[in-house]
Amino acid sequence: MSLALDTAAATASTAPRSRVWGKLLRNRSALVGGFVVLLFALIATLGPWILPWDPVKTSWTAVRKAPSLVNWFGTDELGRDVLARVVYGAQASLMAGVVSVSIAIVIGGPLGVIAGYFGGWTDSIISRCTEAMLACPFLILAIALGSVLGPSLVNAMIAIGIAAAPLFIRLTRGQTLTVKTEDYVEGARAVGLPHRWIIIRYILPNIFAPILVQATLIVAQAIIAEASLSFLGLGQQPPSPSWGAMLNTGKNFVQQGQWWMSVFPGVAIFLTVLGFNLLGDGLRDALDPRES
Amino acid sequence: MLNFIARRILIAIPTIVLVSIFVFVLQKLLPGDPILVLAGEERDPVVIEALREKYRLNDPLPLQYFAWAFQALQGNLGISLRTNLPVLDLIGEKLPVTLQLAAMAMTFALAIGIPAGIMAAVKKGTWWDYAATGLALWGLSIPNFFLGIMLIFLVSVQLNWLPASGYVSPAESLSQNLRTLVMPAFVLGNALAASIMRHTRSAMLGVLKQDYVRTARAKGLLERVVIMRHALRNALVPVVTVATLLFGELLAGAVLTEQIFTIPGFGKLIVDAVFNRDYAVVQGVVLCTAIGYIGLNLLADVLYVVLNPRLRTR
């Protein structure tokens, strides 16, 4: 009986996998998005090994130099190489995006599944708390939590993760409500399998796809949120490089025509977020059975 | 209809209560003791104890919450530690600036998003569609603080068309007021325009497949009339409700926009409060934003029913 249930659940969750991959690989914008994300991931991991410049090394003889053959992206107000800071900043931004979304999933996923699966009072309490948190705009909530935790990259990631958790609670709750009425879940209940086993074995694999899509799109929002918190001084602290903090410094020199301190970190944020948005949209289309 | 509104208000009340608990807990979690700030540099233990009694900080937490909530219901959100002014007065002073900015941003967003969404849906699969969809993706991916900095460089520094920062009250000079807010409003409305474009396109594509649109075309009506009178009027129902919900997002977006353009609004108030550890202001701003957001949610629900005749008669 359990084998039959496993087969039914597996068919529901894995049968379209090859179709999904096929659709994703045929979607040019998703491929471009995936390529951009991969490129920035490579820059973040390999860049520091390849680049000859130190992102925190100051040089008073090279302050605010325009892009040149020596410093491709120019230098900042302390003579630090902007290219090196953009490359090292990629680590902070990508890590912030992925870690804060992981925190949000770890908090929001189980709560959403519990609310959807058990229903009743549990669902009411979790849903009301989720609505209360969703009543506060994402960035305002992240700023308020950031001010409680104190300014640092780790605290910014925790603040963004907590602020994004309600989005995953709502999603996983909705998906669980749909999946728990499927025959194989009803069957698993009928044969007396424990709730924990049903959730792990039958619910989670079948709600994974929409969570993956949402996670990809929220990584993009989390990267912007981290850059915003760093821009406001609540994220990565100096002298460590961060795209948001670089933009905050760069804005002071834009009125003097020194654009390179802002343009390069800004373009880096834009391209990374665009990459995640394209990939997320592509994944959503590929996983949507209504899309032909 | 009145029953529906009453029911929605009743549902919103527990959410507001939970938000107030959340804001109260947030205050308790904040680092540092505000009483030590109030006690001054001498930090006399007798004064500290008297202040603790005065602000009921020796009471159990639930009692403290009820006392705070009772004061908040009467419009007393506390006193700003930095300016010594009531928090509600500060919010009342800054909020109109942000509301004007948000209203201008919404105007930009609707003026760009709706026509672009209609064009993309009507000319689906053409160059128009790809251009509008691409622009929407651009709008959703570019952080507004980066767009703001680039516009300052281009429009203010290079072309010298508009001031780079600052704010002039409309009472002082309306033309100067608009000149200072045009660029920030465009920056703030940019991402919103992208969202509205996507929703309009999606809603129009759904409506254009409907039988009544086919019938209107079969009757020989001009395509312009079919689009504007029959399709758009129905497609705008979800767009209006989405735009109402997104108006709340503008309050959050204003935090960064006001910081870049040095506009003394609601967003700048919270950032300054965070850095000055002016917790009563942080708490007040978060509470007011959340209540405003819940109000907009309610308005969106009501508008959806008001604009949709089928729901209105139920």
Side-chain angles (χ1 to χ4, degrees), chain A residues 29 33 124-125 128-151 217 220-221 223-225 227-228 231-234 243-244 247-248 250-251 254-259 261-263 265-278 281, chain B residues 11-12 14-23 26-27 29-31 133-134 137-138 140-150 152-154 156-158 164-165 248-253 255-256 259-260 267 270-271 273-275 277 279 282-283 285-287 289-294 297:
Chain A
S29 49
S124 294
I125 292 168
R128 293 294 87 74
C129 291
T130 307
E131 278 168 25
M133 283 189 79
L134 284 171
C136 209
F138 180 65
L139 188 61
I140 300 251
L141 192 58
I143 290 172
L145 291 168
S147 69
V148 172
L149 297 166
L217 292 168
Q221 284 185 41
I223 288 172
I224 291 189
S228 306
F231 182 83
L232 296 171
L234 288 169
W243 292 341
L247 270 170
N248 190 21
K251 85 171 193 300
V254 155
Q255 293 192 41
Q256 296 162 33
Q258 289 157 355
W259 51 269
M261 282 183 261
S262 308
V263 166
V267 168
I269 300 173
F270 169 64
L271 288 177
T272 314
V273 172
L274 182 70
F276 275 106
N277 277 337
L278 286 171
D281 282 352
Chain B
I11 293 172
T15 311
I16 292 173
V17 172
L18 278 169
V19 167
S20 70
I21 293 172
F22 169 72
V23 170
L26 195 71
Q27 180 212 20
L29 291 173
L30 286 167
T133 310
L137 201 60
W138 176 82
L140 289 173
S141 303
I142 193 159
N144 63 9
F145 47 96
F146 175 49
L147 181 63
I149 293 170
M150 288 302 96
I152 288 174
F153 178 68
L154 188 72
S156 304
V157 178
Q158 297 294 318
S165 60
E249 297 286 335
L250 289 178
L251 292 177
V255 172
L256 293 157
Q259 201 67 18
I260 294 161
I270 189 174
V271 174
V274 163
F275 284 103
R277 298 187 166 233
Y279 300 134
V282 176
Q283 204 180 18
V285 169
V286 173
L287 185 66
T289 311
I291 290 173
Y293 216 61
I294 292 167
N297 266 292

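The structure displayed is predicted, hence computed values, not measured ones. Each chain gets a letter, A, B and so on, in the order the sequences are listed, and its residues count up from 1.
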Undergrad: Would you mind telling me which of A:G275, A:G244, A:G233 has the largest number of heavy-atom pairs within less than 4.5 Å of chain B?
TA: A:G233
Undergrad: Would you say the side chain of A:V267 lies within less than 4.5 Å of the side chain of B:F146, judging by non-hydrogen atoms?
TA: yes
Undergrad: With only heavy atoms counted, which part of B:F153 is less than 4.5 Å from chain A, the side chain, the backbone, both or neither?
TA: both
Undergrad: Please name all residues satisfying side-chain hydrogen bond (donor to acceptor under 3.5 Å, both in side chains) with B:Q259, sequence neighbours left out, ordered by chain then number.
TA: none
Undergrad: Rounded to the nearest 0.5 Å, how far apart are CD of A:Q255 and CD1 of B:I149?
TA: 10.5 Å
Undergrad: If you count heavy-atom pairs under 4.5 Å with chain A, which of B:I16, B:L256, B:V17, B:L147 comes out on top?
TA: B:L256
Undergrad: Looking at chain A, which one of B:V282, B:V157, B:V286 has the largest number of heavy-atom pairs inside 4.5 Å, strictly under?
TA: B:V157
Undergrad: I need the minimum non-hydrogen distance between B:V19 and A:A135, along with the two atoms involved.
TA: CG2-CB, 4.0 Å
Undergrad: Of the non-hydrogen atoms in A:I140 and B:V255, which two are nearest, and what is the gap between them?
TA: CD1-CG2, 3.9 Å
Undergrad: Check whether A:A227 gets within reach of chain B through its side chain, its backbone, both or neither, counting any heavy atom under 4.5 Å.
TA: both
Undergrad: Does any non-hydrogen side-chain atom of B:I260 lie less than 4.5 Å from one of A:F231?
TA: yes
Undergrad: Minimum heavy-atom separation for A:P137 to B:G248, with atom names?
TA: CG-O, 4.1 Å
Undergrad: Heavy-atom distance under 4.5 Å to chain B: side chain of A:L141, backbone, both or neither?
TA: side chain
Undergrad: If I compare all heavy atoms of B:L18 with all of A:C129, which pair ends up nearest, and what's the gap?
TA: CD1-N, 3.8 Å
Undergrad: Would you say the side chain of B:L137 lies within less than 4.5 Å of the side chain of A:D281, judging by non-hydrogen atoms?
TA: yes
Undergrad: Between B:I270 and chain A, which part of the residue has a heavy atom less than 4.5 Å away: side chain, backbone, both or neither?
TA: side chain
Undergrad: If you take all heavy atoms of B:V271 and A:L232, which pair is closest and at what distance?
TA: CG2-CD2, 3.9 Å
Undergrad: For the atom pair CG (B:L251) and CG (A:L139), what is the distance rounded to the nearest 0.5 Å?
TA: 11.5 Å
Undergrad: Any chance you could measure A:F270, atom CZ, to B:M150, atom CE, to the nearest 0.5 Å?
TA: 12.5 Å
Undergrad: To the nearest 0.5 Å, tell me how far A:I224 CD1 sits from B:S141 OG.
TA: 7.0 Å
Undergrad: Which atom pair, heavy atoms only, marks the closest approach of A:C136 to B:Y293?
TA: N-CD2, 4.4 Å
Undergrad: For residues 128-140 of chain A, which residue pairs qualify under salt bridge (charged side-chain N to carboxylate O under 4.0 Å, His left out), counting only residues two or more places apart or in two chains?
TA: A:R128-A:E131
